[in-house]
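Structure, as structure tokens:
Just so we're on the same page: letters track the sequence lines, and every chain starts at 1.
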Protein chains: 2
Amino acid sequence: MREKADVNQKIFVSAKEVADRAGVSRSAVSRTFTPGASVSEETRRRVMEAAEALGYHVNHLARGLMRNESGLVCLIVSEMDTPYRSSLIRAISHQLQAVSKIAMLINTDRSDKSVDDALRLAISYRADASIILSGMPDKSITDLCVKSGQRLVLINRDEEREGALMINLNDREAAHRAFIAFQRAGCRRVAFANSDVGTPSLMAREEGFVAAAIEAGVEVIVERFGPTRYQSGVILAQRLLTREARPDAIFCANDLLACGVMDTARHQFKLTVPDDICVIGFDYIEQCSWSSYDLTTFAQPVDQIAKEAVSWLTHPAKTDSIASQISPELVWRGSVRGG
Amino acid sequence: MREKADVNQKIFVSAKEVADRAGVSRSAVSRTFTPGASVSEETRRRVMEAAEALGYHVNHLARGLMRNESGLVCLIVSEMDTPYRSSLIRAISHQLQAVSKIAMLINTDRSDKSVDDALRLAISYRADASIILSGMPDKSITDLCVKSGQRLVLINRDEEREGALMINLNDREAAHRAFIAFQRAGCRRVAFANSDVGTPSLMAREEGFVAAAIEAGVEVIVERFGPTRYQSGVILAQRLLTREARPDAIFCANDLLACGVMDTARHQFKLTVPDDICVIGFDYIEQCSWSSYDLTTFAQPVDQIAKEAVSWLTHPAKTDSIASQISPELVWRGSVRGG
DNA sequence: GAAATTGTTGCACGCGATTGCAAAAAGAGG
DNA sequence: CCTCTTTTTGCAATCGCGTGCAACAATTTC
């Protein structure tokens with residue numbers, strides 16, 4: 001009659017059944033699985049035995065309904081197969097598991113609307129918190145989250161949101177250091193290779209770099225193209241290196257761009273790094289340590305970011321909205337002269 | 001008094017409140033948000049209006065409790081920041097979202113016990129399904145999953161489990177083709193570079209390659225070391241290339257190893273690819289297309305895998321356990337002569 | 001031995017939704 | 001206008017669990 005229901009029928013064993021088998025009340029079962037509840041050693045043993053035999057597991061959906069705490073944390077992210085993103089996700093979900101929470105993964109496209117939808121989903125699932133790695137949701141939605149008592153963490157999102165924790169890198173300052181490094185290496189013509197997506201942190205790096213150059217009275221070439229991926233780095237390098245005044249130093253908005261730039265400089269333009277051209281990246285993805293690149297870059301401390309985010313989730317908020325500033329460490333490798 | 005409760009207090013608006021505001025019964029609200037339920041146009045409008053004003057969202061926890069269908073799908077995976085894994089996760093979570101399901105991410109360490117724990121968690125959350133990308137859970141647990149009506153998908157896991165869908169690559173056959181490719185390129189001394197973790201698919205590649213060589217009456221060198229990462233490739237290359245009879249062709253168990261092997265062959269041993277040595281990888285990670293590598297490799301069709309997995313979740317099982325065999329395509333690039 | 005204290009246990013209610021059922025309302029047909 | 005059919009609606013039961021409350025048992029104290 002109802003074949004669809006038949007197939008999807010889930011028959012999990014409930015606390016009632018365990019109680020019957022153990023010869024105790026349902027409350028006893030519930031208390032056995034509630035840390036800190038009052039149960040005698042004897043009943044606990046019998047309950048555990050019955051639970052084991054029947055394959056009982058507490059229903060976290062129902063528990064979440066009662067406790068008003070689902071244990072779910074929503075991770076909102078786009079292009080999650082990118083090296084930096086995936087390592088951040090890994091770090092976060094690892095930290096979450098350490099405090100018995102569990103990550104729900106939602107990937108979005110570029111649009112802010114899809115981030116809004118993701119947050120709505122988080123609300124529907126009564127997620128304890130949402131961590132946003134990409135895009136920027138509408139204020140009305142974030143307000144609803146906060147009002148509903150959901151925690152909110154924005155990573156490298158720049159824009160402020162009441163009641164949310166914001167973890168940001170000090171992009172400007174880092175960019176400044178990149179410029180100094182180029183100067184020390186004796187570079188004369190510096191350039192900045194950026195994507196054209198214009199996210200706040202990328203723009204901050206650009207602005208910081210340009211500002212440092214202007215401050216030093218040096219001209220700087222800025223080129224922007226495509227998403228922050230390898231292929232864009234290829235195009236950017238082609239544009240930069242065919243210029244009349246060829247740059248001898250390129251600061252790239254992130255490591256993937258840098259890889260594309262380096263490969264193109266070497267293979268297509270037959271330049272050597274760092275003798276003909278110095279390159280600095282940003283993120284500290286694993287590939288940069290590979291001997292084909294050996295890229296000097298700024299390290300985003302993903303573990304620290306993850307730890308800060310998760311520990312804030314488990315601790316009460318101190319003020320209305322908190323900002324955490326992290327200074328990325330410049331990791332010296334072979335793509336810049338000197339060091 | 002109870003400061004902790006205060007802080008974690010979540011105050012979501014419930015269907016009751018919406019009903020009151022709209023002047024209808026709770027059932028009407030529920031039906032408005034249940035596709036296919038019978039509600040008049042007028043009440044639906046009033047309900048939606050009230051819901052909008054109050055910021056109401058259906059509680060999926062409670063819905064899941066009633067419907068016995070949480071909408072959650074558990075992804076169990078280790079080392080998820082690895083390029084191949086992260087692209088597979090992306091593909092799967094994307095497909096899941098397309099059918100209104102949502103991925104919970106659990107990362108495990110190497111041990112099978114942690115996979116067991118992950119599955120137990122999946123049961124606790126009444127996940128509609130679990131997809132296992134790493135490790136192999138105990139049969140007692142998988143049986144419990146299947147008995148409870150939870151769907152199970154094993155990707156590249158080899159070992160059989162009753163009631164589960166198994167998606168496997170035809171590793172042996174692919175390895176055979178790799179050997180043929182080397183022969184066509186005129187290679188004389190072939191080698192296989194493997195990790196020593198010994199997962200079924202890696203071993204299948206090794207066995208297939210060795211079998212093909214033996215069949216052709218050619219000797220083959222096999223070296224195993226470490227996890228399937230770049231750094232292991234470096235070590236493997238050092239071991240292989242310092243041998244008296246230096247191989248002129250290396251089939252690597254996966255792309256990361258291949259990258260390490262290539263870099264080491266070039267930079268440390270000053271060999272050129274593919275003239276001095278040919279290399280073939282496995283997985284088709286993005287890095288292999290970078291011009292520093294330009295690696296000939298077997299493409300794991302992640303989108304196809306994801307699609308098969310998810311479509312099986314939404315369709316009734318036809319038989320007890322289903323196996324799907326996929327033949328990876330050999331993508332020819334510059335790391336092998338000829339082609 | 002009685003009273004006070006401490007520790008367990010079961011009952012019953014509530015969490016926020018879905019849904020079968022029957023009553024009420026609306027529409028159709030003559 | 002009345003009857004028959006079709007929609008719409010509200011009531012109440014249900015899902016699996018947590019927990020306050022009161023009853024009860026065990027232990028301590030005087």
Whole-Å gap separating C1' (C/dG16) and CD1 (B/Ile11)
16 Å

What is the distance, rounded to the nearest whole Å, between atom CZ of B/Phe12 and atom P of C/dG16?
10 Å

A/Tyr56 side-chain N/O to D/dC17 phosphate OP1/OP2 under 4.0 Å
yes

Establish, from distance only, whether the side-chain atoms of A/Ser40 and A/Thr43 form a donor-acceptor pair under 3.5 Å.
yes

Do B/Asn107 and A/Ser93 meet the criterion of a side-chain donor-acceptor pair at a distance under 3.5 Å?
yes

Taking atom C1' of D/dC17 as reference, at what distance in whole Å does atom NE2 of A/His57 sit?
16 Å

Less than 4.0 angstrom between a side-chain N/O of A/Arg63 and OP1 or OP2 of D/dC17, yes or no?
no

A/Asp143 bridged to A/Lys139 by N-O distance under 4.0 Å:
yes

Taking any heavy-atom pair under 4.0 Å as a contact, classify A/His60: base, sugar-phosphate, or nothing.
nothing

Close aromatic pair by centroid cut-off 6.0 Å: A/Tyr56 and A/Phe33:
yes

A/Leu65 has its side chain closest, among D/dG16, D/dC17, C/dT18, to D/dG16

Any Lys/Arg nitrogen of B/Glu42 or B/Arg45 sitting under 4.0 Å from an Asp/Glu carboxylate oxygen of the other?
yes

Are any side-chain N or O atoms of B/Asp81 and backbone N or O atoms of A/Ser86, one a donor and one an acceptor, separated by less than 3.5 Å?
no

Considering only side-chain heavy atoms of B/Ala62, which listed nucleotide, C/dG16, D/dG18, C/dT18, is closest?
C/dG16

Using whole Å, report how far CD of B/Glu69 lies from C1' of D/dG16.
17 Å

Sub-3.5 Å pairs of nitrogen or oxygen atoms, protein against nucleotides 7-11 of chain C:
| residue | atom | partner | partner atom | Å |
| --- | --- | --- | --- | --- |
| C/dT8 | OP2 | A/Ser38 | OG | 3.2 |
| C/dT9 | OP1 | A/Ser40 | OG | 3.0 |
| C/dT9 | OP1 | A/Thr43 | OG1 | 3.1 |
| C/dT9 | OP2 | A/Ser40 | N | 3.1 |
| C/dT9 | OP2 | A/Thr43 | OG1 | 3.0 |
| C/dG10 | OP2 | A/Ser25 | N | 3.0 |
| C/dG10 | OP2 | A/Ser25 | OG | 2.9 |
| C/dG10 | N7 | A/Arg31 | NH2 | 2.8 |
| C/dG10 | O6 | A/Arg31 | NH2 | 2.8 |
| C/dC11 | N4 | A/Ser27 | OG | 3.0 |

How long is the line joining CZ of A/Arg67 and C1' of D/dC17, in whole Å?
9 Å

A/Ser78 backbone acceptor or donor facing A/Arg85 side chain under 3.5 Å:
yes

Quick one: B/Glu17 CD to C/dA17 C1', roughly how many Å, whole number?
14 Å

Rounded to whole Å, please give me the gap between CZ in A/Phe33 and C1' in D/dG16.
13 Å

Using whole Å, report how far CG of B/Asn59 lies from P of C/dG14.
18 Å

